[in-house]
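Step one of this worksheet: look at the structure below.
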Amino acid sequence: MTPEERAFQARIDAGEKIEPKEWMPEGYRKTLIRQIGQHAHSEIVGQLPEGNWITRAPTLQRKQILLAKVQDEAGHGLYLYSAAETLGVSRDALTEKLLSGQMKYSSIFNYPTLTWADMGAVGWLVDGAAIMNQVPLQRTSFGPYSRAMIRICKEESFHQRQGYAIMMKMARGTPEQREMAQDALNRFWFPSLMMFGPSDKDSVHSAQSMAWKIKMNTNDELRQKFVDETVPQAEYLGLTVPDETIRWNEERGHYDFAEPDWDEFFEVLKGNGPCNRERIEARQKAWDYGAWFRDGLTAYAEKSAARRAAAQTAAE
Amino acid sequence: MTPEERAFQARIDAGEKIEPKEWMPEGYRKTLIRQIGQHAHSEIVGQLPEGNWITRAPTLQRKQILLAKVQDEAGHGLYLYSAAETLGVSRDALTEKLLSGQMKYSSIFNYPTLTWADMGAVGWLVDGAAIMNQVPLQRTSFGPYSRAMIRICKEESFHQRQGYAIMMKMARGTPEQREMAQDALNRFWFPSLMMFGPSDKDSVHSAQSMAWKIKMNTNDELRQKFVDETVPQAEYLGLTVPDETIRWNEERGHYDFAEPDWDEFFEVLKGNGPCNRERIEARQKAWDYGAWFRDGLTAYAEKSAARRAAAQTAAE
Amino acid sequence: GAAAFEWLCRLGDATLILGHRLSEWCGKGPALEEDIALANVSLDLIGHTEMWLALAGEVEEKGRSADHLAYLRDAMKFRNPLLVELPNRDMALTTMRQFLFDAWHFEMLSALVDSRSPRVAEIAAKALKEVSYHIERSQDLVIRLGDGTEESRARMQDALERLWPYTGELFAADAVDAAIAAAGIGPAADSLKAPWEALVTETLAEATLTRPETKQDAQTGGKTGRHTEHLGFLLAEMQFLQRTYPGAEW
Amino acid sequence: GAAAFEWLCRLGDATLILGHRLSEWCGKGPALEEDIALANVSLDLIGHTEMWLALAGEVEEKGRSADHLAYLRDAMKFRNPLLVELPNRDMALTTMRQFLFDAWHFEMLSALVDSRSPRVAEIAAKALKEVSYHIERSQDLVIRLGDGTEESRARMQDALERLWPYTGELFAADAVDAAIAAAGIGPAADSLKAPWEALVTETLAEATLTRPETKQDAQTGGKTGRHTEHLGFLLAEMQFLQRTYPGAEW
């Protein structure tokens with residue numbers, strides 16, 4: 001470590017926040033850009049599976065709640081792109097990288113939403129898993145990221161409660177609703193466990209991120225925490241987690257559970273998930289179809305500025 | 001009249017058919033091209049209002065019947081374009097004229113189909129009115145047109161019966177179905193009367209067409225015939241024709257009835273009907289989106305012909 | 001009674017269907033800020049729907065809730081103007097429609113704040129706060145896109161031409177409107193025309209767009225239940241769950 | 001019993017959903033002759049649906065008719081392979097899908113003609129006559145469009161790449177297929193693979209198209225009720241009248 005690096009690490013160890021204009025190692029900057037960018041993309045792509053049910057929401061109230069939720073996700077995307085921008089990379093540049101496949105988003109959004117119960121499962125499980133990841137990140141070392149996470153976490157836990165409320169209605173509703181609820185849990189359980197990533201006990205990469213407080217916990221810690229919180233919630237709903245091996249391990253003080261199918265995880269990551277192509281094509285289409293709109297606003301802004309300048313010159 | 005024209009008229013008066021390669025007055029050819037072309041276009045555009053309900057047909061049987069009907073209409077379009085082609089104008093040329101607005105199609109197809117009962121009303125009233133026009137045209141003087149009309153009339157009367165059968169189900173169904181049936185009759189009654197065109201008693205144009213046996217009856221004759229046949233059918237359904245003035249006129253041996261709103265007729269003709277823009281845009285889109293497909297087939301046909309020619313040359 | 005029910009459905013259905021159309025943009029908009037703003041307007045409109053249709057249900061006295069009215073009527077029973085049910089097409093049409101509607105909506109609510117019906121006045125007051133923001137936003141967007149690039153101007157002009165024949169219906173008065181006006185519940189429908197015209201004319205001028213020469217009332221019927229072919233498809237999607245699982249709670 | 005019901009639904013749902021997708025082209029096709037031919041294939045497939053689902057209803061012994069099964073099941077209960085529910089996109093995808101499906105359909109029906117179930121054999125014999133024409137037509141079109149212009153070739157190749165990951169599901173066997181094969185009612189699902197491969201390989205070569213390198217079974221689930229996001233929208237539209245007016249006759 002250079003003296004600069006040492007000083008930097010000391011600040012982090014002391015719990016200080018790093019601000020955008022301060023010195024930071026190139027690796028720290030790069031890792032942050034990748035992580036914040038991916039997180040931002042996940043918020044944006046994550047609008048699609050839930051957006052899929054907005055036009056079919058079953059009541060006016062549910063429609064509003066879902067719409068507000070998806071709107072929040074767009075807002076989270078904004079906060080995060082702004083945080084990334086402080087590191088010198090523009091939203092447009094990040095978007096191009098998403099669309100070209102150079103940057104990823106959370107693989108969970110490559111699974112389809114097939115029934116209304118999925119609006120419950122996504123809120124309960126997917127937002128639940130996201131919160132597990134995000135809560136510790138409120139204490140991350142990079143100031144803008146930490147502040148973005150604080151705002152986001154407040155809203156996410158609200159979303160999770162709303163998702164659970166939908167599951168409750170479904171699980172205690174008609175036999176068909178109950179069947180949809182169980183089916184949603186069956187489909188989203190393992191993909192949710194995958195959200196924490198493969199076991200990282202041997203990853204050097206992860207160790208560096210943890211030293212920098214960009215990553216606060218290991219993937220396995222967070223996954224265990226998620227399982228421990230979620231299994232009793234499923235029981236309360238009267239639903240069965242689709243893992244026959246689940247049982248409480250008195251000794252460990254944790255639930256034992258089966259690993260997800262990591263082959264499937266890597267297949268989806270490679271682009272072969274059920275909806276990878278559709279998700280990116282949807283965003284590509286939005287981007288392409290919106291070009292004239294963005295250009296129009298830019299042109300107007302430039303004209304207005306020129307007019308103001310001309311008026312000022314004339315006045316002087 | 002020139003001697004040629006006199007001889008031509010004499011043949012027509014004698015009930016002879018005129019065939020494409022035989023001499024005919026320029027006006028006869030032009031009028032026929034316009035009339036057959038419009039009729040062909042009407043078949044093609046006429047697919048759209050009914051096509052609108054194919055994906056929502058309420059039973060497998062109804063879906064098949066409707067699909068077969070719309071398919072028949074495409075077939076009628078084919079016959080008629082072929083008849084027009086014998087007069088030296090290609091299907092593509094006629095299509096371009098339809099899309100550019102130089103040629104018209106029956107204004108009735110600019111009205112929307114809003115409920116399933118409209119599938120009944122269109123068959124019963126619109127096909128019914130069409131048949132009134134078409135049956136006498138089986139005896140028209142131009143051979144290919146006459147033969148096309150004979151084939152078409154056979155199928156149209158079948159369509160009309162199917163339409164009436166749908167109306168029967170609706171009119172004798174639930175209160176909601178009955179309401180839809182009445183509403184469909186309300187909406188399609190006057191537009192159906194308009195299908196015969198404005199009163200033509202003073203039109204020189206019409207007189208010439210009748211002399212040439214391109215037009216076989218006056219518009220008013222056909223309209224009266226339609227009303228006389230349709231009013232008892234409506235009564236049998238237990239539906240009310242939306243014209244308070246309708247009553248049997250013993251003296252005339254016909255029903256008296258109110259004229260449709262000819263201002264509306266001319267508005268729709270000018271392009272201001274409820275669906276004019278959508279209908280033409282739908283056909284334009286089909287035409288534009290289908291260009292690569294038609295070009296592909298043409299390119300293959302040319303390649304194949306060239307290959308065959310090359311093979312033949314090699315063999316010789 | 002009957003007139004009030006019809007009239008409240010006209011209001012509630014207009015906000016419902018437009019709110020629904022806007023919600024179709026979710027995740028597909030041209031820029032994040034716009035996506036969020038669109039969702040916001042959609043949310044507001046669906047909120048208004050709840051209030052108007054709930055009141056309609058009360059007035060009708062047949063025990064129908066706002067959800068019942070929204071999810072269990074077929075197209076013939078909907079009373080929204082045709083303008084709001086047209087497909088979104090692109091953001092030009094969506095934006096222009098929003099402006100033309102907001103301009104009417106703002107005038108309508110401004111008048112309803114003084115309704116002789118306290119319930120109507122109360123709902124209008126709540127809604128007006130939000131709609132004041134809607135009209136400000138859509139007017140601003142129309143100006144910016146009209147006076148933007150050549151393409152954005154052309155698209156906005158095309159949208160305007162397409163929508164113009166549907167604007168007259170907003171001001172068309174019939175017996176229902178007359179009864180409501182006579183009872184002092186709402187304004188005469190055509191009394192909103194002059195202020196609407198003033199705002200639209202001024203805005204189009206600033207947007208460098210040309211006011212169409214075509215008739216404004218060529219396309220009507222929605223307010224009495226004669227819709228376009230589009231509404232049926234919208235409802236098939238919107239009402240699917242309620243229709244498929246009757247009586248379930250969500 | 002249960003396996004036969006499932007298996008018959010797989011057949012009937014496949015023809016229903018594909019027939020429905022084809023019917024969406026109505027009035028929008030690229031050339032009159034094609035429009036007519038497409039409608040014809042659609043009609044045939046819906047005709048097959050009536051027979052398969054009617055038999056499924058009989059086998060199930062719960063009194064459900066073909067219409068009941070078609071119009072009153074939600075997506076989770078549908079058993080069609082994912083391939084047939086994908087949106088039409090363009091005529092390239094529609095045509096390529098038709099060929100890939102017809103090639104399977106032809107082999108399946110050819111095998112079912114010898115079913116130990118006389119009812120199945122009878123339906124298969126009727127359907128096979130029509131499907132012999134379907135495969136001839138779609139194969140011919142794939143060749144002509146593949147070996148047509150540069151654009152038609154590129155579109156056909158793109159369609160092929162998009163569809164390829166969905167073709168494996170046609171041959172995937174599970175307990176249902178095993179039970180049916182064991183009972184001599186139908187062929188082992190994977191026994192159709194070799195002749196299908198032969199026909200597809202030969203046709204693609206003649207069409208100057210490249211066989212994709214990607215996995216054929218990346219996208220599965222339809223046959224056990226796990227569908228794409230598209231099926232729900234298709235059903236919302238298709239089932240609207242039956243759902244909205246329960247018990248009405250049409």
Side-chain angles (χ1 to χ4, degrees), chain A residues 44-68 70-75 77-78 81 91 95 115-116 119 166 169-170 172-174 176-177 180 279 282-283 285-287 289-304, chain C residues 16 19-40 42-44 46-47 49-50 53-54 65-67 69-71 90-92 95 141 143-156 234 237-242 244-245 247-250:
Chain A
I44 299 310
V45 178
Q47 294 181 92
L48 297 171
E50 287 172 298
N52 186 43
W53 280 90
I54 285 182
T55 56
R56 292 177 289 177
T59 68
L60 295 170
Q61 197 77 60
R62 288 289 171 207
K63 198 181 192 84
Q64 289 175 80
I65 292 173
L66 187 56
L67 200 48
V70 178
Q71 186 191 27
D72 281 349
E73 284 157 12
L78 262 189
Y81 284 126
R91 195 205 300 181
T95 300
T115 72
W116 177 252
M119 297 303 97
I166 290 177
K169 278 276 187 194
M170 298 294 283
R172 305 198 171 168
T174 66
E176 289 98 337
Q177 286 177 305
M180 287 186 229
R279 299 294 186 237
R283 290 307 305 164
K285 198 172 155 185
W287 184 247
Y289 282 27
W292 72 266
F293 181 95
R294 296 188 301 274
D295 292 347
L297 296 191
T298 307
Y300 180 83
E302 284 164 4
K303 281 192 220 178
S304 299
Chain C
L16 172 58
H20 184 93
R21 281 292 184 216
L22 293 180
S23 81
E24 292 174 348
W25 275 104
C26 187
K28 299 168 190 160
L32 269 183
E33 289 82 354
E34 275 321 306
D35 300 7
I36 293 171
L38 269 180
N40 230 345
S42 175
L43 263 173
D44 290 344
I46 294 170
T49 304
E50 273 193 311
L53 292 186
S65 66
D67 278 335
L69 289 170
Y71 289 96
D90 63 3
M91 272 297 287
T95 304
L141 265 184
I143 291 169
R144 288 154 72 198
L145 292 170
D147 192 17
T149 60
E150 247 181 75
E151 182 178 0
S152 71
R153 188 185 177 290
R155 281 180 183 260
M156 293 302 280
L234 183 154
E237 197 172 311
M238 184 175 99
Q239 300 180 336
F240 179 69
L241 283 174
Q242 286 283 357
T244 301
Y245 303 101
E249 282 184 45
W250 304 93

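Convention: sequence-line order gives letters A, B, ...; per-chain numbering from 1.
Looking only at distances, no side-chain donor or acceptor of Gln71(A) sits under 3.5 Å from a matching main-chain atom of Leu67(A). In this structure a side-chain-to-backbone donor-acceptor pair under 3.5 Å is present from Ser42(C) to Gly19(C).
In terms of heavy atoms, Leu32(C) sits closest to Arg91(A) at CB-NH1, 3.5 Å. Pro49(A) and Met119(A) get closest at one heavy-atom pair: O-CE, 3.7 Å. Taking both residues in full, the closest heavy atoms of Ala57(A) and Trp116(A) are given as CA-CZ3, 3.7 Å, listed atom of the first, atom of the second, then distance. Heavy atoms only, all atoms of each residue included: Gly46(A) and Glu50(A) are closest at O-OE1, 3.8 Å. Phe293(A) and Leu141(C) make their closest contact through CZ-CD2, 4.1 Å (heavy atoms, listed as atom of the first residue, atom of the second, distance). Summarising the geometry of Tyr71(C) relative to Met238(C), their closest heavy-atom pair is CE2-O, 3.3 Å, with the distance given to 0.1 Å.
Your options are Gln242(C), Glu150(C), Met156(C), Glu33(C), and the one with the most heavy-atom pairs under 4.5 Å with chain A is Glu33(C). Ranked by heavy-atom pairs under 4.5 Å with chain C, the first of Lys169(A), Gln47(A), Glu302(A) is Lys169(A). Counting heavy-atom pairs closer than 4.5 Å to chain A, the top residue among Ile143(C), Asp90(C), Leu43(C) is Leu43(C).
No more than 12 heavy-atom neighbours from other residues, nucleotides or ligands sit within 6.0 angstrom of NZ on Lys285(A).
Looking at Arg56(A), both its backbone and its side chain come within 4.5 Å of chain C, counting heavy atoms on both sides. With a 4.5 angstrom heavy-atom cutoff, Leu78(A) touches chain C via backbone and side-chain atoms both. Proximity to chain A (any heavy atom under 4.5 Å) is shown, for Arg21(C), by neither the backbone nor the side chain. Interface residue Thr55(A): backbone and side-chain heavy atoms are both found under 4.5 Å from chain C. Contacts between Leu234(C) and chain A at a heavy-atom distance below 4.5 Å are absent for every atom of the residue. Using a 4.5 Å cut-off between heavy atoms, Gln177(A) contacts chain C through its side chain alone, with no backbone atom that close. Of the two parts of Ala282(A), neither the backbone nor the side chain holds a non-hydrogen atom closer than 4.5 Å to a non-hydrogen atom of chain C. If you measure heavy-atom distances from Ala66(C) to chain A, the contacts under 4.5 Å come from both the backbone and the side chain. Proximity to chain C (any heavy atom under 4.5 Å) is restricted, for Glu176(A), to the side chain, taken from C-beta onward. For a residue to count as touching a neighbouring chain, one of its non-hydrogen atoms must lie under 4.5 Å from one of that chain's; by this rule Leu66(A) does not touch chain C. Using a 4.5 Å cut-off between heavy atoms, Glu237(C) contacts chain A through both its backbone and its side chain. With a threshold of 4.5 angstrom between heavy atoms, Leu38(C) does not approach chain A through any atom at all.
Tyr245(C) contributes atom OH, which lies 8.0 Å from atom OG1 of Thr174(A) (distance to the nearest 0.5 angstrom).
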